[in-house]
Amino acid sequence: MQAFTARVLAVVRAIPPGRLMTYGDVAACAGRARAARAVGNIMRECRDPVVPCHRVVAAGGRLGGYGGSEALKRQLLVAEGLRLTRQRIHAFARVRWLPNTVPSPLVSSREPGHRLPRP
DNA sequence: AATCTGACTGTTG
DNA sequence: CCAACAGCCAGAT
């Protein structure tokens with residue numbers, strides 16, 4: 001397992017019940033802010049029950065995927081006291097979990113990676 | 001090494 | 001609000 005993957009799993013494990021992080025939040029906390037999509041892939045593969053992957057949602061308080069069983073994801077979140085209105089987390093900013101721990105940069109590969117200015 | 005696949009995201013129309 | 005695009009990144013082929 002790669003360092004990034006291990007960090008992602010550790011971050012997700014630390015999300016308390018009733019709180020949420022976005023895929024992007026998890027990526028940033030794992031030291032790679034733009035790896036949201038990769039986090040999604042890691043969640044999809046992860047079958048370890050100690051990793052509460054249902055607490056990882058998409059940006060803007062949208063639900064995000066859950067291996068096709070998105071109804072189950074909703075159900076799990078509601079069971080933790082969260083409110084949802086049509087695929088949206090209610091008061092998302094309030095329940096969003098943002099660990100204050102600053103990740104060490106996770107030195108490797110590409111550094112720059114900004115968006116290209118449009119011509 | 002090269003290519004393809006997404007539980008993603010921000011911008012644009 | 002929605003859809004289309006274009007980046008992005010780890011893993012699998």
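Residue numbers start from 1 in every chain, and the chains themselves are labelled A, B, ... in the order their sequence lines are given, proteins ahead of strands.
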Rounded to the nearest Å, what distance is computed from the OH atom of residue A:Tyr23 to the C1' atom of nucleotide C:dG7? 19 Å
Using whole Å, what does the distance between atom P of nucleotide B:dT5 and atom CD1 of A:Ile42 come to? 20 Å
Hey, which of these two, A:Arg88 or A:Gln2, hits DNA chain C nearer its 5' end, going by closest nucleotide? A:Arg88
To the nearest Å, how far apart are A:Met43 CE and B:dG6 P? 18 Å
Close side-chain approach of A:Leu63 to A:Arg74, heavy-atom, < 4.5 Å: yes
Is the count of non-hydrogen atoms from other residues, nucleotides or ligands lying under 6.0 Å from A:Gln2 atom CD greater than 12? no
Base, sugar-phosphate alone, or nothing: which one does A:Arg86 contact when heavy atoms must sit under 4.0 Å apart? nothing
Nearest-Å distance for atom pair CG/C1', residues A:Asn41 and C:dG7: 15 Å
Side chain of A:Ala59: nearest nucleotide among B:dG6, B:dT9, C:dG11? B:dT9
By nearest-nucleotide position on DNA chain C, the 5'-leaning member of A:Arg37 and A:Met1 is A:Arg37
For residues A:Arg19 and A:Arg55, determine if any side-chain heavy atom of one lies less than 4.5 Å from a side-chain heavy atom of the other. no
What is the separation between atom CZ on A:Arg34 and atom C1' on C:dC9, rounded to the nearest whole Å? 10 Å
Contact class for A:Phe4 vs. all strands (heavy atom < 4.0 Å): base, sugar-phosphate, or nothing? sugar-phosphate
Protein-nucleotide distance (A:Leu77, atom CG; B:dA7, atom P), rounded to Å: 18 Å
